[in-house]
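Everything quoted here is computed from the prediction, not taken from an experiment. Note: hydrogens, waters and symmetry copies are ignored here, and every other heavy atom, side chains too, is used.
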Amino acid sequence: MSQDATARKPVASDFIREVVERDNEKGTYGGRVQTRFPPEPNGYLHIGHAKAIVQDFSIAEAFDGICNVRFDDTNPDTEETEFVDSILQDIEWLGYHPENVYYASDYFENLYEWALELIRRGLAYVDDQSGETISEQRGGFGKPGIESPFRNRPVEESLDLFARMRAGEFADGERCLRAKIDMQSDNMWLRDPVMYRIRRGHHHRTGDAWCIYPTYDWAHGQSDAIEGVTHSICTLEFDSHRPLYNWFLENLPLPSDQPKQLEFARLEFTHIVTSKRRLKKLVADGVVDGWDDARMPTLSGLRRRGYPASAIRTFCTEIGTARTNSRHAIEALEAVVRRELNAEAQRKMVVLRPLKLVLTNWPVDAEGQPVVEYFEVANNPERPEDGTRQVAFSGELVIESEDFAEVPPPKFFRLSPGREVRLRGAYLVTATDVVKDEDGNVVQVNATYDPETRGGDAPDGRKVKSTMHWVSVPHAVPVEAALYERLFTSPVPGERTGEPLDDLNPNSRELLPNALGEASIAEVAPGQVVQFERLGYFAKDPDRPGFFHRTVGLKDEWAAIQKKQGK
Ligand code: ATP
Ligand code: MG
């Protein structure tokens, strides 16, 4: 498995690694370790899947094994090639290269043969009852199951009916194949679970070749066994399926050693949802622009937003592997993103809501043209090796509207008439007066600069209370920016009403179409993340020219939360 090894920390051991290690010591699988990441191609991958991917691949990596991707494509109604493609792309982006890409649908014939084998062994039967009746008869905790009247039909009859199910002789839902296990088991999954349903739907890979489709439980463990998976790692909700997973495998002529299912807790965060069904609804309802909208917790959304893949890997590794479900603060993930971007992102000056600032004493040259000066600034003060660049300065500038107040409120130390501030790396300037439009809005601030303060410091040592970013208008590049708030206002979406979509934040995106950036902003590559000084980290959209998404702000909200919690 070749992977870029950068930013991969050594991983602390956990209960899953311990099982793998023990198996290796005992030689259970002849020292082999093979895992798989098994997405259903019915949506885009989200941040929760990243945890599973990191888990599956890093365990294989740690034990010199292999990890494959297997598409769990057993439901023709919801699966699409678009999803297959996006999933493969997202896994690569995250930094992992599957040894092989497999599809459960490639095993349909094998699964069918194995189903026949179970029927022959008296361990499966065709049931003529409706799905509704079957679920009613299943009973519940403390409520006994009821055996189907077809449970003991002759093997020959089941074999015949099952072949005819496949041949398309029956309508959808008219019959199904069930495993014959134990209708009184305390484990509901063992109460004669359904293995095949009749379902006429066009499958994205097998087309109309099949009209019966295996259920998850029937397909999953068998696919693991066909591929030679040793450790089949999945999330906690499958814990109760494990006896069924084992039952099927124990009753089949396996080509290799029986794989072992191991479960861990799902990764969940505050303020987001990771259910594909709900994410799909956000897309369908037009709440967001698509699966890869920068507000979505999908990997493609986070990528557009500017989250480095390495930050996601680091987070998933650092939180370790748990066996109890919990919700992580989204701020904790953002803190890792900020930490990495702080180290790597180049600094730029961009004014999001421009207010004109004219220096009335700015000189003109011999031809009467305004003078242009250049200031050398560090590309990233955290990383001197990134060098410096020249930023143009003139007498016609823009500053952030919110950095000026005609009548400063208490504790406002930025620019106001009569007050002197520093224009970052350039000069000290003092506002003199303002120009207003017909409605009385300030549209221009006039100021004077002190030529003795080149670089931003006064020779007499006088201090100013504020340093502000700026952009020179004749050199400015138009920029569009999007600022984001949480997509869901509640930390636990749906906590109040049970419906997460009730907690949608109607103001999750603010568009700023008139921002202006320093000239070098034009050189930022699509997908690259830079720091807009004083404003946060911004990712250039891969598709829309001149458009930037705010990845995260500069303030470490996670540190504040931890402090409040006394950590
Ligand atoms: P959803 O409920 O969102 O549809 P899923 O579990 O059905 O998710 P799959 O495509 O079947 O999605 O998942 C592929 C793998 O990713 C499975 O092994 C699953 O357990 C794992 N996975 C899915 N969601 C999470 C999560 N939030 N945290 C960790 N692993 C996850
Ligand atoms: Mg699933």
Side-chain angles (χ1 to χ4, degrees), residues 15-16 19 38 40 48 72 74-75 115 118-119 121-153 155 158 162 172-199 213-222 224 232-252 258-268 273-278 322-327 492-500:
F15 62 92
I16 291 181
V19 171
E40 186 180 353
D72 218 335
T74 54
N75 183 354
L118 287 189
I119 300 173
R121 294 182 184 193
L123 296 174
Y125 60 96
V126 171
D127 196 335
D128 300 358
Q129 301 182 107
S130 71
E132 222 170 79
T133 308
I134 291 173
S135 28
E136 274 165 27
Q137 291 177 347
R138 202 168 167 228
F141 293 105
K143 191 173 165 217
I146 298 166
E147 294 191 353
S148 163
F150 301 97
R151 193 171 200 264
N152 295 314
R153 76 183 346 157
V155 165
S158 277
F162 187 48
D172 284 12
E174 205 180 319
R175 285 190 167 76
C176 66
L177 184 74
R178 296 175 75 181
K180 189 170 173 179
I181 310 181
D182 179 3
M183 287 306 289
Q184 306 314 326
S185 174
D186 288 341
N187 184 317
M188 295 305 132
W189 298 106
L190 296 181
R191 292 191 179 180
D192 290 12
V194 172
M195 295 168 60
Y196 277 95
R197 294 195 176 84
I198 305 175
R199 178 95 211 103
Y213 286 94
T215 54
Y216 170 89
D217 287 303
W218 172 241
H220 204 90
Q222 290 38 262
D224 284 343
S232 179
I233 305 164
C234 61
T235 37
L236 268 186
E237 68 270 27
F238 293 105
D239 175 86
S240 56
H241 296 235
R242 189 171 357 112
L244 177 57
Y245 180 97
N246 289 334
W247 186 91
F248 279 133
L249 293 173
E250 281 157 11
N251 286 294
L252 289 168
Q258 185 175 325
K260 188 174 278 174
Q261 178 184 300
L262 300 163
E263 311 88 16
F264 71 98
R266 291 175 82 88
L267 174 59
E268 304 284 356
V273 299
T274 53
S275 138
K276 271 186 278 189
R277 185 167 60 81
R278 296 225 157 79
R323 254 196 80 86
T324 30
N325 285 316
S326 66
R327 218 175 250 273
V492 184
E495 199 176 31
R496 279 177 312 123
T497 63
E499 177 46 65

Which pair of heavy atoms, one from [X] and one from [Y], lies closest together, and at what distance?
{"X": "Trp218", "Y": "Ala115", "value": "CZ2-N, 3.6 Å"}
{"X": "Gly221", "Y": "Leu249", "value": "O-CD2, 3.6 Å"}
{"X": "Ala179", "Y": "Trp247", "value": "CB-CZ3, 4.0 Å"}
{"X": "Ile16", "Y": "Ile233", "value": "CD1-CG2, 3.7 Å"}
{"X": "Thr215", "Y": "Arg197", "value": "CG2-NH1, 3.3 Å"}
{"X": "Tyr213", "Y": "Arg199", "value": "CE1-O, 3.3 Å"}

How many angstroms lie between atom [atom1] of [X] and atom [atom2] of [Y], to the nearest 0.5 angstrom?
{"X": "Cys176", "Y": "Phe162", "atom1": "SG", "atom2": "CZ", "result": "10.5 Å"}
{"X": "Ile181", "Y": "Asn187", "atom1": "CD1", "atom2": "CG", "result": "9.0 Å"}
{"X": "Met195", "Y": "Phe248", "atom1": "CE", "atom2": "CZ", "result": "5.0 Å"}
{"X": "Gln137", "Y": "Asp192", "atom1": "CD", "atom2": "CG", "result": "10.0 Å"}
{"X": "Ser148", "Y": "Lys180", "atom1": "OG", "atom2": "NZ", "result": "10.0 Å"}
{"X": "Arg191", "Y": "Arg178", "atom1": "CZ", "atom2": "CZ", "result": "11.0 Å"}

More than 12 heavy atoms of other residues, nucleotides or ligands under 6.0 Å from CD of Glu250: yes or no?
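Counting other residues, nucleotides and ligands, CD of Glu250 exceeds 12 neighbours.
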Keeping [X] on the side-chain end and [Y] on the backbone end, is there a donor-acceptor pair under 3.5 Å?
{"X": "Glu268", "Y": "Ser326", "value": "no"}
{"X": "Asp127", "Y": "Phe150", "value": "no"}
{"X": "Gln222", "Y": "Leu252", "value": "no"}
{"X": "Arg175", "Y": "Val126", "value": "no"}
{"X": "Lys276", "Y": "Glu40", "value": "yes"}
{"X": "Thr497", "Y": "Gly494", "value": "no"}
{"X": "Arg121", "Y": "Asn251", "value": "yes"}

Evaluate Cys234 against His220 for side-chain contact (heavy atoms from CB on, under 4.5 Å), listing each step before the verdict.
CA-CA 11 Å; Cys234 61; His220 204 90; 5.8 Å; no
For Arg323, all residues meeting salt bridge (Lys or Arg N to Asp or Glu O under 4.0 Å), sequence neighbours excluded:
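Only Asp239, Glu263 meet the salt bridge (Lys or Arg N to Asp or Glu O under 4.0 Å) criterion with Arg323.
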Check whether any side-chain heavy atom of Pro149 sits under 4.5 Å from a side-chain heavy atom of Gln129, and report yes or no.
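Counting from C-beta outward, Pro149 and Gln129 do come under 4.5 Å.
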Using ring centroids (six-membered ring only for Trp), state whether His241 and Tyr245 fall under 6.0 Å.
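So the answer is no for these two rings.
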Do Glu237 and Thr235 have side-chain N/O donor and acceptor atoms under 3.5 Å apart?
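Yes, a side-chain donor-acceptor pair sits under 3.5 Å.
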Please report the C-alpha distance between Asp224 and Gln261 in whole Å, then the side-chain angles of each, then the deciding distance to 0.1 Å, and finally whether the side-chain contact (heavy atoms from CB on, under 4.5 Å) criterion is met.
CA-CA 10 Å; Asp224 284 343; Gln261 178 184 300; over 6 Å; no
Given side-chain contact (heavy atoms from CB on, under 4.5 Å), test Arg242 with Trp189 step by step and report yes or no.
CA-CA 9 Å; Arg242 189 171 357 112; Trp189 298 106; over 6 Å; no
